[in-house]
Every structure is written in C-alpha cells, then in structure tokens.
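For reference, the structure discussed in these notes is given below.
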Amino acid sequence: MACVPDVEVGQYVIVHAGVAISVIDEKEARRIFEELGRRESEA
Amino acid sequence: VKFVTEYRDPDAARQWVERIRKAASRRWTLMDVCGGQTHSLLRYGLESSLADCVELIHGPGCPVCVTPTSAVDTVQRLARLPGMVVMSFGDMLRVPGSRESLLDVRARGGRIQIVYSPMDAVRYARLHPDDRIVFLAVGFETTAPATALAVLQAERLQLTNFSILSSHVRVLPAMEHLMLDPNCRVQGFLAAGHVCTVTGFADYEDFVERFRVPVVVTGFEPVDLLKGIFEVVQRLERSDPMVVNCYGRSARREGNLDAQALIARVFEVGDGPWRGFGSIARGRFQIRREYAAFDAEKCFGEASKFSTDGVELCMSADVMSGRIKPPACPYFGNRCTPDTPLGAPMVSSEGACAAYLQYRATVNP
C-alpha cells in the first residue's frame with residue numbers, strides 16, 4: 001500500500017508485482033459505457 | 001469480477017467496432033506498446049475484426065522480450081558463484097541467453113527460483129542469511145516501484161545478502177527511438193494504461209508535439225482497447241494529434257506521485273541495452289550510487305558486467321518495430337515455439353509471437 005496511502009476499505013486497487021499502484025475511480029470506470037449509451041441515443 | 005467482466009461485454013465491444021469502422025475513411029497503422037494489450041487484441045479477435053480499417057503493430061511492450069540477452073547471460077554467471085540463488089519472474093526463466101535459459105541452468109542443479117514480487121525475494125534473503133540472493137529485475141515503470149520498495153526494505157533490514165540486477169526500462173524513450181527511424185510506419189499509439197498509471201502522461205504531450213502522432217492512454221480489456229482505437233482513429237481523421245486518456249479509472253495526468261518518488265529515490269535514468277534495439281538513450285533505470293550495496297552490477301565486479309549481445313536468429317527487432325508480423329518469421333511455429341523458443345517474444349505470456357501462435361485461429365492469415 002506504499003503507493004496508495006489514502007486507500008480505504010471497500011475500494012478497488014490495481015496490484016502490479018505485489019504493489020498497489022492505483023485506486024479505481026468508479027465514476028471514471030462507468031464513463032466508457034455512459035458514452036456508448038449517449039451516442040446510441042444520438043444516433 | 002467487478003471492473004473486469006463489464007469491459008468484456010460483447011455488445012459494447014461490437015458497438016465500438018462499428019463506430020471505428022464508421023470513423024475510418026482509410027486504413028490506419030497503430031502501435032500498442034504493452035504486451036498485455038497485444039494479447040487482448042489477439043485473444044478477443046479485435047485485430048482481425050478491425051483488419052479492414054486498422055493495422056495493429058505490436059511494439060516493444062513486453063518487458064521480458066526487451067530484456068537483453070546480456071542480462072540473462074550475466075545473471076547466469078552470477079548463478080555459478082558459491083551460495084548464490086537467482087530469483088526472477090517466471091517468464092524470465094524461459095528466455096534464452098546466448099547459450100541457454102535460466103531453466104536449463106536450473107535443470108543442471110543451478111539455484112534459480114520464481115517469485116511473484118521482488119518483496120518475496122527480500123523475505124527469502126532475510127530467512128536465509130547464508131545464501132546470497134540476486135533478483136533479476138525486469139519491467140517498465142509499472143514494476144520499478146516494486147523493485148524500489150524491495151531495495152528500501154533490504155536497506156531497512158540491513159541485509160547484506162540481497163542485490164538487484166536491474167534491467168528496468170522506460171517506455172517513452174523507446175517510442176521516440178521508433179519514431180526517429182525514417183522507415184517507421186506508425187501513425188498513432190495506444191499507450192499502456194498501467195505504465196501511465198505510474199508515470200502520468202504529461203511527458204506524452206511533448207512527444208505528440210514533437211512527432212505529431214496521437215497517443216491514447218488505454219486499458220487492457222476489449223472495450224477499453226476499442227474505445228482507445230476509436231479515439232486514435234478520430235484524432236487521425238481530424239489531423240488533430242493529442243494525448244487522450246481512455247483509462248481514467250486508473251491513470252491520471254500527474255500519475256502516481258508516491259510511486260514516482262519511490263523510483264526516483266532508488267533509480268536514476270541511464271542509457272541501456274534493449275533486446276533487438278541496441279542501446280536506447282535514457283531507456284533504462286539503473287540503481288543510484290547510494291544503494292550500490294544492493295546493486296549486483298556493483299557487488300560482483302567482472303562477473304556482473306553486461307556483455308554485448310551477439311547475433312541471434314530471432315527476428316524480434318523486426319517484429320517489435322513492426323517491420324514484420326510474427327508469422328512472417330521463417331522460424332515461427334517450427335524451430336521456434338513456446339517449448340523451444342529462439343527468442344523472448346515466443347516465451348513470454350506478453351510476447352507478440354506467443355500471442356500469434358496461441359490465438360492464431362483468430363488472426364487473419
């Protein structure tokens with residue numbers, strides 16, 4: 001956890017070679033699908 | 001699994017494929033520089049489903065594949081010293097040196113062990129004070145923080161039997177190296193999301209400014225990759241090269257500052273050998289003088305000097321720079337297979353040749 005000191009229980013992290021390198025941003029995570037829905041309705 | 005399965009949704013993937021098709025007025029040539037992305041592109045058949053509008057070149061994105069033969073030879077020389085135990089990631093054991101692989105050395109009784117994290121090597125060193133442990137550290141900026149942590153932990157524990165042979169490399173100098181080749185066909189890059197998670201992508205803005213090619217930071221799942229390809233194609237169609245982040249759930253512009261601080265504390269940037277590319281300026285992380293006690297290159301004198309890479313049959317340089325596709329290599333699938341690899345790209349679970357062989361049903365002939 002040396003690289004993600006502010007992580008809280010319940011959050012998701014990406015672990016690489018035994019080290020957590022980021023905390024998943026859940027709002028950003030959903031964006032790729034929201035964009036798809038939006039473009040769909042525009043079409 | 002949260003944050004994985006939804007990015008493999010076939011319907012979403014199909015919609016992105018359609019969007020890419022609609023956006024592309026011609027066939028564009030893109031490069032990924034991440035072995036994980038190479039495998040996803042082939043495993044999910046993305047490469048073939050986009051073949052009419054996008055050519056994908058799988059660049060030097062597999063850390064095992066770019067580790068020079070000389071590093072493998074060097075660590076084998078160290079393995080012959082008394083009391084020595086060599087540790088590295090599993091794939092590294094199968095990579096051929098100029099005569100043999102670490103697995104061959106182990107088959108003859110050499111003490112070679114697989115670890116999943118450099119911290120495991122530190123733990124082993126602490127529990128076995130009579131052994132001398134060398135960890136062959138490979139990987140990009142993503143992996144360097146783990147190695148840095150291991151060095152700092154070894155210092156904290158005052159270990160005298162632990163050292164690192166660093167073959168850590170930096171992605172951006174390799175991309176520059178490729179773009180400076182007048183025969184380079186790459187028109188846009190998919191940048192590795194996990195490297196950028198650590199480094200951020202401010203440096204890519206200068207790269208885009210200099211070479212006028214779009215760079216899109218991308219994740220590893222099919223939907224991530226398709227969205228990334230869509231963004232690159234859109235930028236190319238509009239002649240508007242810029243850096244776009246499509247992996248916002250993990251990568252931020254400034255990167256992970258704690259991880260960068262760890263790297264900077266233990267490593268400094270140097271020129272270094274890449275398999276298939278020769279020396280790349282500023283392409284390597286070497287251990288700072290302050291931590292020389294944990295630097296195998298400093299600890300073991302002559303035995304640890306990197307030798308120059310000799311001539312190889314393996315055409316990995318042509319594969320990684322996009323001059324040929326793996327099946328065009330005369331040894332692909334016959335003399336060179338994952339069981340009898342001539343070169344690193346056929347070994348690694350991230351190597352382009354291994355991916356083509358494993359998923360060749362999905363690859364266009």
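Basis for what follows: all heavy atoms, side chains included, without hydrogens, waters or symmetry-related copies. By convention in this document, chain letters (A, B, ...) are assigned in the order of the sequence lines, proteins followed by strands, and residues within each chain are numbered from 1.
- A salt bridge links B/Glu231 to B/Lys227: at least one charged side-chain nitrogen sits closer than 4.0 Å to a carboxylate oxygen.
- Using a 4.5 Å cut-off between heavy atoms, B/Phe89 contacts chain A through its side chain alone, with no backbone atom that close.
- Among B/Leu257, B/Leu262, B/Val223, the residue with the largest count of heavy-atom pairs under 4.5 Å with chain A is B/Val223.
- Of the atoms belonging to A/Val13, not a single heavy atom falls under 4.5 Å from chain B.
- With a threshold of 4.5 angstrom between heavy atoms, B/Val198 approaches chain A through side-chain atoms but not through N, CA, C or O.
- Summarising the local packing, CZ of A/Arg31 is surrounded by 12 or fewer heavy atoms from other residues, nucleotides or ligands at distances under 6.0 Å.
- For B/Asp224, the parts lying near chain A are the backbone and the side chain together; criterion is any non-hydrogen pair under 4.5 Å.
- The cationic group of B/Arg235 does not satisfy the cation-pi geometry with B/Phe230, failing either the under 6.0 Å distance to the six-membered ring centre or the 45° limit from the ring axis.
- Judged by distance alone, with hydrogens and angles left aside, the side-chain atoms of B/Tyr247 form no donor-acceptor pair with the main-chain N or O of B/Gly228 at under 3.5 Å.
- Using modelled atom types, one side-chain atom of B/Arg288 and one backbone atom of B/Ala264 make a donor-acceptor pair closer than 3.5 Å.
- Residue contact with chain B, scored on non-hydrogen atoms closer than 4.5 Å, involves the backbone and the side chain of A/Ile21 alike.
- Side-chain N/O atoms of A/His16 and B/Thr143 include a donor and acceptor closer than 3.5 Å.
- Counting heavy-atom pairs closer than 4.5 Å to chain A, the top residue among B/Ala12, B/Ala146, B/Cys246, B/Ser250 is B/Ser250.
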